[in-house]
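All remarks here apply to the structure that follows.
We use all heavy atoms of the structure for the numbers below, so side chains are in, but hydrogens, waters and symmetry mates are not. First the proteins, then the strands, lettered A, B, ... as listed; each starts at 1.
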Amino acid sequence: MTTLSFEDGTIRVDDPPDGLSLPFLESDPRSGTTRAPAFRYAALTDVLDGRDDAYDDRVGTWGSLSLSTAYELRDYQREALEAWQANHHRGVIELPTGAGKTVVAIGAMVARGVPTLVVVPTVDLLTQWRRELAAEFDVEIGQFGGGVQEQGPITVSTYDSAYLRADDVGGDFGFVVFDEVHHLGGEGYRDIARLLAAPARMGLTATFERPDGAHEVVAELVGPRVFALDVDDLSGDHLADYDIKRIEVGLSAAEREAYDEAQETFVDYLRTSNLDMRSGADYQKLVMRSGNDPRAREALLAKQRARRVMMNADAKVDRLAEILDRHRDDRVIVFTAHTDLVYRLSERFLLPAITNETGAAERRELLDRFRTGTYSRVVTANVLDEGVDVPDANVAVVLSGSGSEREFTQRLGRILRPKADGRRALLYEVVTEETAEENVAARRRG
DNA sequence: TTGACTCAACATCCTTTGCTACAA
DNA sequence: TTGTAGGTTTCCATGTTGAGTCA
């Protein structure tokens, strides 16, 4: 009889029925068996069921869990859950930060009632999920990551640990939830989803699409986007109303000279080297050339000098002074692109700073003080963009940033938790005029 | 257990012009 | 005609994280 079993991230098929031919089924001459990548398990059983072939399934033996929740889903959360269920328990749900993605996943766990793996990008998120799940469910919550390797009926794992464990435990879960699922498009991380057999799959993110197009890979591994709401769909109702104010500043004479000089070096190289610069891929080409072409390298370094000048312009610091003054009674988060500037601002305005160099303990204490109101301001580069539970603020100042739509959405999301007094949130975007930053800013606004 | 360290992985990185092939 | 997409061969720098190692 045909037998299916999980083996090292694959589904091993012994004695396949006659005439069974599937594009993803490969014979493995070394062991004399037939195999499929584990993530094809659901498709494989669908075909076998359709053919009325009797088979012995030793993969889907994870049993069931009896779970219940006290959560009352909001309308849109219920819709999201139903859309996912209607798509055979696969797919990505796109909801803005603060819209309660976790709750949707909890609803799905209750509905499925099978051992579940939750995969998250950071240890911080791992802790949050564990806390939430432990409060909600009466089962042991396991953990892979942060120095702990304990499997439970429901287990929360970092992407890194999941990558290391997937071929081993990939047959133990009937449901997998990928938080911040856009990470799954990364070259290495996508293997996690390939090595898991779980037929039910849910991806959660605020920004599904990736500039490199890898969301298509994610859609193949987890399922297509089945439900999406953006910030504007929920603002005023479940999220705070907000305004975006764009402030343009100029460069000083010295900065302008430095910027123009560097930019000219860059553009000049493009002109004389037959290099079009229309997409990220073209930029990548320049990077490759710079490996053995000194002129290309010089052009690239010049471009970086120009970026530094425009993103860290002195006038931005002056403008920040005014903004901080105007919002003396508000809770403000200041974002930059470079850590240098974070420390410069921290010194000048006596702002608590958080960067990658800030240790875990110090970071926790700082955010705690921000939460309780001891601090009303904080300055950071990219640390607080994602995966950290950031206390509520109502004013964000984006002094500089990348052209990433995702980064912008995440930063905006930091001020959108509904305000008790119904106040509107406010995001300042400070842009250096007559520089490439105008393009950068346009790109991130989609 | 903690802290300092190293390493690997991931993400971003984009001028203003013309050319070609192809689809609508 | 008009508009739009076009294709790929290991990597300049900066920011950030998780895992692993060692004291």
Please figure out whether R363(A) or Y283(A) has its closest DNA chain C nucleotide nearer the 5' end.
Y283(A)
Whole-Å gap separating P (dC7(B)) and CG (N356(A)):
17 Å
Should R246(A) and E248(A) count as an ion pair when the cut-off is N to O under 4.0 Å?
yes
Please report, rounded to the nearest Å, how far the C1' atom of dT16(C) is from the CZ atom of R406(A).
15 Å
Rounding to an integer number of Å, can you tell me how far F335(A) CZ sits from dT14(C) P?
23 Å
Does dT1(B) pair with anything, Watson-Crick or G-U wobble, both distances under 3.5 Å, and if so, with which nucleotide?
none
Quick one: is dG15(C) close enough that its OP1 or OP2 comes under 4.0 Å of any side-chain N or O from T339(A)?
yes
May I ask you to say what E187(A) touches in the nucleic acid, namely base, sugar-phosphate or nothing, with a heavy-atom cut-off under 4.0 Å?
sugar-phosphate
C1' atoms of dC14(B) and dC12(C), separation to the nearest Å:
15 Å
For dG18(C), does either OP1 or OP2 sit under 4.0 Å from a side-chain N or O belonging to S161(A)?
no
R190(A) near the nucleic acid: base, sugar-phosphate alone, or nothing, with a heavy-atom cut-off under 4.0 Å?
nothing
Answer with base, sugar-phosphate or nothing: what part of the nucleic acid does A296(A) contact at a heavy-atom distance below 4.0 Å?
nothing
Salt bridge present between E322(A) and R319(A) (N-O < 4.0 angstrom)
yes
When the distance from CD of Q143(A) to C1' of dA19(C) is rounded to whole Å, what number comes out?
14 Å
Winner on side-chain proximity to Q284(A), out of dT15(B), dC12(C), dC13(B), is dC13(B)
Reckon G145(A) touches a base, only the sugar-phosphate, or nothing at all at heavy-atom distances under 4.0 Å?
sugar-phosphate
Check every atom of dA19(C), dC12(C), dC13(B) against the side chain of L300(A) and return the nucleotide holding the closest atom.
dC12(C)
Tell me whether R307(A) is salt-bridged to E437(A), with the criterion being a basic N under 4.0 Å from an acidic carboxylate O.
no
Using only side-chain N and O atoms of R307(A), determine if any of them is under 4.0 Å from OP1 or OP2 of dC14(B).
yes
Give a yes/no on whether any side-chain N or O of S404(A) is located under 4.0 angstrom from OP1 or OP2 of dT12(B).
yes
Check whether any side-chain heavy atom of H238(A) sits under 4.5 Å from a side-chain heavy atom of P418(A), and report yes or no.
no
Per M288(A) side chain, nearest of listed nucleotides dT10(C), dA13(C), dT15(B)
dT10(C)
Of the candidate nucleotides dT12(B), dA19(C), dA13(C), which contains the atom at the shortest distance from the side chain of L301(A)?
dA13(C)
What contact category does V123(A) fall into here, base, sugar-phosphate, or nothing, at under 4.0 angstrom with non-hydrogen atoms?
sugar-phosphate
Quick one: is dA11(B) close enough that its OP1 or OP2 comes under 4.0 Å of any side-chain N or O from R210(A)?
yes
In whole Å, I'd like the distance from the CG atom of L126(A) to the C1' atom of dA19(C).
13 Å
Do E136(A) and T69(A) have a side chain donor and acceptor closer than 3.5 Å?
yes
With heavy atoms under 4.0 Å as the rule, sort Y159(A) into base, sugar-phosphate or nothing.
nothing
In whole angstrom, give me the gap between the C1' atoms of dG6(C) and dT17(B).
16 Å
Of the nucleotides dG7(C), dG15(C), dC10(B), which one has an atom closest to the side chain of Y189(A)?
dC10(B)
In whole Å, what separates the P atom of dA8(B) from that of dC11(C)?
16 Å
For the side chain of A381(A), starting at C-beta, report the closest nucleotide among dT15(B), dG15(C), dA11(B).
dG15(C)
Using the P atoms only, state how far dG7(C) lies from dC13(B), rounded to an integer number of Å.
24 Å
dT15(B) OP1/OP2 closer than 4.0 Å to side-chain N/O of N439(A)
yes
Using a 4.0 Å heavy-atom cut-off across all strands, classify N382(A) as base, sugar-phosphate, or nothing.
sugar-phosphate
OP1, OP2 of dC13(B) versus side-chain N and O of R443(A): anything below 4.0 Å?
yes
Could you state the NE2-C1' distance from H182(A) to dC10(B), rounded to the nearest angstrom?
11 Å
First encountered from the 5' end of DNA chain B, between G186(A) and V267(A)
G186(A)
On DNA chain C, nearest-nucleotide positions of A162(A) versus T380(A): which is more 5'?
T380(A)
With no hydrogens and no angle check, do the side chains of Y375(A) and D368(A) hold a donor and an acceptor under 3.5 Å apart?
no
From C-beta outward on L164(A), which listed nucleotide comes closest to its side chain: dG20(C), dT12(B), dC12(C)?
dG20(C)
Aromatic Y269(A) / basic R295(A) pairing, under 6.0 angstrom, 45° off normal:
no
What's the CG-P distance between D160(A) and dC10(B), to the nearest Å?
8 Å
Is there a side-chain polar atom (N or O) of K285(A) under 4.0 Å from OP1 or OP2 of dG7(C)?
no
Taking atom C1' in both dG20(C) and dT1(B), compute the distance separating them and give it to the nearest angstrom.
16 Å
Between atom CD in Q263(A) and atom P in dC14(B), what is the gap in whole Å?
9 Å
Among V398(A), V395(A), V334(A), the one residue meeting side-chain contact (heavy atoms from CB on, under 4.5 Å) with Y428(A)
V395(A)
Just to be sure I understand the rule, does R444(A) reach a base, reach only the sugar-phosphate, or reach nothing, if contact means heavy atoms closer than 4.0 Å?
nothing
